[in-house]
Amino acid sequence: MDYLMGVDLGSTSLKAVICDRDGRAVASGSRPTERFHPQPEHPEWTVWQPEQIWGGTAAAIGDALAALDDPRQVKAVAVTGMGMDGVPIDGEGKWLYPFISWHDPRTGPQLEWWQQHIGAAKVFSIGGNPLWPINSALRILWVAENEPEVFARAEKWLLIEDFVNFMLSGRRATDYSMASCTLLFDQRELDWSEEMLEASGIDRRLMCDAHPAGTVLGEVTAAASAATGLAEGTPVVLGGHDHLCGALPVGAFHPGVVLDVTGTWEIVQVVTDEPVLTPELQQMGVTVQAHVARGKYATWGSNVAGEMLEWFRRQFGFEAAQKAEQEGGSDWDHLMAAAAASPPGSHGVLFLPHMSGASCPVVDPHSRGAFVGLGNLATHGDMLRAIIEGLDYQFLDIVTAMELGLGIKLERFVAVGGAVRNDLWMQNKADVIRRPIEVPEIEEATPLGAALLAGIGIGLYRDEQDAFEHVYRPGRTYQPDAEQSARYAEWFGVYRELYPALGPIMHGRRGESH
């Protein structure tokens with residue numbers, strides 16, 4: 001039997017999944033992604049250590065391979081994962097500084113410089129990026145300014161997927177979707193922007209050559225074989241950005257299909273045939289990015305989502321935890337039962353889901369979350385349901401903005417991510433959006449998407465459509481309830497009044513916020 005491997009570098013785990021040609025997982029391995037705080041005087045600084053990223057990935061690959069009779073059954077491997085974090089390496093391939101994690105806020109001064117000297121509008125018109133402190137170019141500038149001796153020795157800057165590919169194959173390259181995360185990539189030319197490089201003072205030699213996802217990069221080296229258990233000579237194929245890889249197995253690379261990925265973050269993604277780099281989209285905080293599907297572009301907006309439910313669980317979940325101990329089930333089961341017992345509209349409680357700021361279509365990193373309409377009879381179930389409803393209003397707000405900015409009507413919605421296991425959340429999302437939402441019967445869409453790119457690279461599939469047709473399995477579709485949708489349409493108008501009313505208050509209390 002011939003298999004493919006997808007490796008997913010996530011913020012919580014490093015995962016390797018082996019699947020057959022029809023997308024069925026046959027084995028997997030996982031190791032935690034460990035955060036490090038390298039300097040006591042800067043407790044907020046957060047890094048990934050390259051040796052832990054590679055060591056954990058290699059161990060996860062080895063765990064997955066242990067289920068096979070022969071590692072040569074894996075015919076190709078591709079890597080996917082988070083987007084902006086990178087590491088400088090010298091001419092001998094030795095890493096010189098840890099990955100600055102996307103959790104790390106140290107690049108604020110570089111962001112301010114970029115805003116003043118280059119500007120958000122110029123950046124978006126070329127590369128499709130909003131200006132975020134986590135953009136790769138800002139990390140490069142931080143190292144250049146604060147670790148000049150390290151920077152002087154740097155020959156290449158490898159994004160985290162590129163680093164693992166380098167460790168596997170010895171080759172230094174990136175794909176278009178990963179290059180799109182840097183602030184330095186030209187979406188129309190699909191190459192590094194000379195204008196952005198010159199304006200930032202970043203040397204072109206630092207950047208790896210960019211190729212389409214699905215390009216065969218090289219082969220597993222003897223050293224990588226010894227570390228991972230993969231057979232020496234196994235093709236290593238370029239994967240790409242995680243949420244874009246996750247679009248392949250569910251068919252969300254066709255124009256008109258909306259992919260909703262909801263976990264810690266919610267990403268709402270639409271595909272176009274050309275990059276749409278208009279001022280209107282830039283002002284909404286969306287990202288335009290080369291897709292892992294060749295000749296396609298992703299337009300997407302994102303906000304923190306599931307983290308707010310986790311916050312509620314940590315702060316108010318003690319009663320649910322006690323019930324779980326006494327009656328069985330999980331604390332989540334009891335929390336969601338309480339939320340389901342609250343009626344639509346949460347007894348008048350509304351939630352503004354800006355606990356980590358807002359990025360789309362409201363762009364305000366200093367906004368904060370708020371409960372509105374609390375009465376003395378409000379329950380923790382009302383509050384939890386209000387969080388879910390608030391997140392779904394925000395989802396509708398993103399979709400409405402994208403329809404306006406792209407001039408299209410979006411009808412087909414496909415959902416993946418941790419939220420799809422929550423029936424209350426998914427049904428509410430369909431009611432709020434007033435359109436059906438399909439949840440395909442596919443687990444681990446992100447590493448599976450990477451595995452499909454590996455298969456495309458070696459010719460096991462003709463193209464993305466052929467790969468999709470092999471692995472797609474329809475699942476449940478949540479149909480909107482017409483009566484509830486009408487009520488949510490009215491309440492959505494009230495929700496949209498929250499930020500304009502509360503924004504000035506949030507900004508007035510910035511010094512007291514956490």
Side-chain angles (χ1 to χ4, degrees), residues 5-17 28-40 42-66 71 77-104 106-107 134 136 139-140 142-143 146-147 149-174 178 206 208 217-230 232 234 236 239 242 447 450:
M5 177 180 284
V7 176
D8 183 9
L9 312 177
S11 297
T12 57
S13 66
L14 306 164
K15 186 177 297 182
V17 176
S28 65
S30 180
R31 286 289 190 278
T33 312
E34 299 177 13
R35 298 188 205 178
F36 293 88
H37 301 280
Q39 296 194 21
H42 295 288
E44 74 281 9
W45 286 13
T46 309
V47 303
W48 318 110
Q49 294 290 359
E51 54 269 36
Q52 195 277 321
I53 295 294
W54 171 238
T57 301
I61 292 171
D63 288 349
L65 289 170
V77 58
V79 181
T80 182
M82 47 188 159
M84 287 100 171
D85 303 349
V87 62
I89 64 169
D90 66 15
E92 298 178 355
K94 296 177 181 177
W95 50 81
L96 304 174
Y97 197 81
F99 295 94
I100 301 174
S101 166
W102 63 268
H103 301 88
D104 191 312
R106 76 178 77 177
T107 46
I134 59 177
S136 307
R139 317 288 186 74
I140 295 173
W142 188 94
V143 173
N146 294 276
E147 298 285 349
E149 293 183 4
V150 167
F151 193 74
R153 295 165 54 201
E155 181 170 298
K156 289 292 181 187
W157 187 273
L158 301 181
L159 298 172
I160 195 164
E161 289 84 355
D162 307 335
F163 167 74
V164 171
N165 282 332
F166 172 67
M167 297 302 295
L168 286 169
S169 69
R171 299 289 303 277
R172 307 171 196 189
T174 193
M178 295 303 304
L206 279 175
C208 296
L217 177 62
E219 297 179 344
V220 171
T221 64
S225 176
T228 64
L230 285 165
E232 185 176 353
T234 301
V236 178
D242 48 13

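Just so we're clear, the structure is a prediction, and the values are computed from it rather than from any experiment. Computed over heavy atoms, backbone and side chain alike; hydrogens, waters and symmetry mates excluded.
Taking both residues in full, the closest heavy atoms of Gly83 and Met178 are given as O-CE, 3.1 Å, listed atom of the first, atom of the second, then distance. When all heavy atoms of Ala16 and Ala64 are compared, the pair lying nearest together is O-CB, 3.9 Å. Closest approach of Asp63 and Ser30 over heavy atoms only: OD2-O, 4.2 Å. In plain terms, the two heavy atoms of Gly81 and Asp8 that are nearest each other are CA-OD1, 3.8 Å. Nearest heavy atom pair, residue Pro50 against residue Pro98, reads CD-CA, 3.9 Å. Listed here is the closest heavy atom pair of Pro71 and Gly229: CB-O, 3.2 Å.
A donor-acceptor distance shorter than 3.5 angstrom exists from the side chain of Thr57 to the backbone of Ile53, with no hydrogens or angles considered. Between the side chain of Asp104 and the main chain of Thr46, a donor-acceptor pair closer than 3.5 Å is present. Not one N or O on the side chain of Arg153 forms a donor-acceptor pair closer than 3.5 Å with the backbone of Leu96. Side chain of Ser169 to main chain of Asn165: a donor-acceptor pair is present (N/O by atom type, distance under 3.5 Å, no hydrogens or angles). Distance alone, capped at 3.5 Å, is enough to place a donor-acceptor pair between the Arg139 side chain and the Ile100 backbone. At least one donor-acceptor pair under 3.5 Å links the side chain of Arg171 to the backbone N or O of Leu217. Between the side chain of Glu161 and the backbone N or O of Met82 there is at least one donor-acceptor pair closer than 3.5 Å. At least one donor-acceptor pair closer than 3.5 Å links the side chain of Thr33 to the backbone N or O of Ser13. Using a distance-only test at 3.5 Å, with no hydrogens or angles considered, no donor-acceptor pair links the side chain of Glu232 to the main chain of Glu219.
No side-chain heavy atom of Leu9 sits under 4.5 Å from any side-chain heavy atom of Lys15. No side-chain heavy atom of Glu34 sits less than 4.5 Å from a side-chain heavy atom of Val47. Side-chain contact between Met84 and Trp102 is absent, with no heavy atoms from C-beta onward closer than 4.5 Å. By the 4.5 Å heavy-atom criterion applied to side chains, Arg172 and Ile89 are counted as neighbours. Taking the side chain as every heavy atom from C-beta outward, Ser225 and Leu230 never approach each other to under 4.5 Å. Residues His37 and Pro43 have side chains not in contact (no heavy-atom distance under 4.5 Å, counting atoms from C-beta outward). Under the 4.5 Å side-chain criterion, counting only non-hydrogen atoms from C-beta, Val143 is in contact with Val150. Side-chain atoms of Glu92 and Glu155, non-hydrogen and from C-beta on, never get closer than 4.5 Å to each other.
Aromatic ring centroids of His103 and Trp48 lie under 6.0 Å apart. Checked against the 6.0 Å centroid criterion, the rings of Phe163 and Phe99 qualify as a close aromatic pair. Between Trp142 and Trp157, the ring centre distance reaches or exceeds 6.0 Å.
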| query | Can you check side chain to side chain contact (heavy atoms under 4.5 Å, CB included) on Thr228 and Trp54, steps first, answer last? | reply | CA-CA 10 Å; Thr228 64; Trp54 171 238; 3.7 Å; yes
| task | Please test Val7 against Val77 for side chain to side chain contact (heavy atoms under 4.5 Å, CB included), starting from the C-alpha separation and ending with a verdict. | result | CA-CA 7 Å; Val7 176; Val77 58; 3.9 Å; yes
| Ile134 vs Thr107, side chain to side chain contact (heavy atoms under 4.5 Å, CB included): CA-CA, chis, key distance, verdict | CA-CA 7 Å; Ile134 59 177; Thr107 46; over 6 Å; no
| task | Please lay out, stage by stage, how Leu168 and Val79 fare under the test side chain to side chain contact (heavy atoms under 4.5 Å, CB included). | result | CA-CA 10 Å; Leu168 286 169; Val79 181; 4.1 Å; yes
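Under a cut-off of 6.0 angstrom, the local environment of CD in Glu149 is sparse, with at most 12 non-hydrogen atoms contributed by other residues, nucleotides or ligands.
From Arg106, atom CZ reaches atom CH2 of Trp45 across 4.5 Å, with rounding to the nearest 0.5 Å. The CD1 atom of Ile160 sits 8.5 Å away from atom OG of Ser11, with the distance rounded to the nearest 0.5 Å.
Between Thr80 and Asp242, the side chains place no donor N or O within less than 3.5 Å of an acceptor N or O (distance only, hydrogens not considered).
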